[in-house]
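Below is one structure, written out as structure tokens; comments come after it.
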Number of protein chains: 2
Amino acid sequence: MYSKNLIKGTLQTIILKQLEDNGRMYGYEITQRVKELSDGKIEITEGALYPTLHKLEADGIVTTEKEFIGKRVRKYYTLTETGGTVATEKSTELNDFIATIARILQPKPTI
Amino acid sequence: MYSKNLIKGTLQTIILKQLEDNGRMYGYEITQRVKELSDGKIEITEGALYPTLHKLEADGIVTTEKEFIGKRVRKYYTLTETGGTVATEKSTELNDFIATIARILQPKPTI
DNA sequence: TTTGAATACATAAGAAACTTATGTATATTT
DNA sequence: AAATATACATAAGTTTCTTATGTATTCAAA
């Protein structure tokens, strides 16, 4: 696991990217998928996940549908049309940002 | 410029890396160097910079010396021995983190 | 068969790390 | 002379997490 504060600012984009890649997903599924993709290095906490998803819905970036699996409810999230655009934009921006950071962190060449 | 919240969590490491690469630096110099290295995409605000530097000093990661340039004072920051270790560790962690993010953001292969 | 772990949602209090605003002062450029 | 750049600093406010807590179902293991 990375020091907690590294995730700050990137969480929303990570979630949007998952929805972009996988279509319809539910919250818990997103946490598991990200954990898997990051080899256990990124574990999204529920306290961060659900408020973020609720905000995305309030902002019209995702829509939700409830589904019953036995007696247990699942809430599926899907990107809206606007959401698709936002997801792509955010994803591109984060990609650009990490490229910039990588450049800054590049070991100083030993002349 | 990137959306403000992307910098969150990375600022301290960026500062430490600059001190590692360039040795003795003053605050304003760090902002200018990072701006240059990022092609103007990362502008460290003073409200973020100075509290961070003060915290690093309080934590024994850097030491300071004041110097007068004419009538104007400059405060130079240098990594302590502990600070050097911390800088390397943080730098490595951030590098690892962005590699993980890059993997997650990787465009889904069209099968 | 009951206990613990995993699945699945949710919210609230508190902390961290920023932004924005403000202040002071000197030096340089237009 | 005025605007911009250099150079420090702090305070209030916001965002975005963490940590803690709560509810409930399902499954595996002891």
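Proteins get letters first, then strands, A, B, ... in listed order; numbering begins at 1 in each. Worth knowing before you read on, the calculation uses all heavy atoms, side chains too, and leaves out hydrogens, waters and symmetry mates.
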Problem - Per-nucleotide pairing state of DNA chain D [Watson-Crick or G-U, under 3.5 Å; [ ] pseudoknot-crossing; | other strand] - result: ||||||||||||||||||||||||||||||
Practice task
Considering non-hydrogen atoms only, spot the tightest contact between A/Gly9 and B/Leu6 and give its length.
Solution key: O-CD2, 3.6 Å
Fill in the blank from the handout: For B/Arg24 and B/Glu29 the tightest heavy-atom approach is O-OE1, 4.2 Å
Handout entry: Where at least one partner belongs to residues 77-92 of chain A, residue pairs that pass salt bridge (Lys or Arg N to Asp or Glu O under 4.0 Å), sequence neighbours excluded
Key = none
Exercise for the section: Consider only side-chain N and O atoms of A/Thr52 and A/Gln12, and report whether a donor and an acceptor are under 3.5 Å apart. Expected result: no
N/O donor to acceptor pairs below 3.5 angstrom from side-chain atoms of residues 69-79 of chain A, sequence neighbours left out:
unit_1	atom_1	unit_2	atom_2	d
A/Arg74	NH1	A/Tyr76	OH	3.1
A/Arg74	NH2	A/Tyr26	OH	3.3

A side-chain contact here means heavy atoms from C-beta on lying under 4.5 Å apart; do [X] and [Y] qualify?
X       : Y       : result
A/Val62 : A/Leu53 : no
B/Val34 : B/Gln18 : yes
B/Thr88 : B/Glu20 : yes
A/Ile61 : A/Thr82 : no

Completion exercise
The answer to which of B/Lys8 and B/Arg74 contacts DNA chain D further toward the 5' end, by nearest nucleotide, is B/Arg74
Practice task
Begin from the C-alpha positions of B/Asp21 and B/Arg33 and carry the test salt bridge (Lys or Arg N to Asp or Glu O under 4.0 Å) through to its verdict.
Solution key: CA-CA 11 Å; B/Asp21 282 359; B/Arg33 185 95 188 90; over 6 Å; no
Handout entry: Strand contacts (DNA chain C) in residues 27-52 of chain A, 4.0 angstrom heavy-atom criterion
Key = A/Gly27, A/Tyr28, A/Glu46, A/Gly47, A/Tyr50, A/Pro51
Problem - Along DNA chain D, first and last positions that approach a heavy atom of chain A under 4.0 Å - result: D/dT16 to D/dT26
Problem - Rounded distance [0.5 Å steps], CG in B/Leu37 versus CD1 in B/Ile42 - result: 9.0 Å
Practice task
Could you run through nucleotides 25-30 of chain C and give me one letter per nucleotide, 5' to 3': B if any protein heavy atom sits under 4.0 Å from the base, S if only the sugar-phosphate is that close, - if neither?
Solution key: -BS---
Handout entry: A/Asp96 side chain vs A/Thr92 backbone, donor-acceptor pair below 3.5 Å
Key = no
Exercise for the section: Return yes if some donor-acceptor pair links the side-chain N/O of A/Ser91 with the main-chain N/O of A/Lys17 below 3.5 Å, else return no. Expected result: no
Exercise for the section: Respond yes when some side-chain nitrogen or oxygen of A/Asn5 is under 4.0 Å from OP1 or OP2 of C/dA17, and no when none is. Expected result: yes
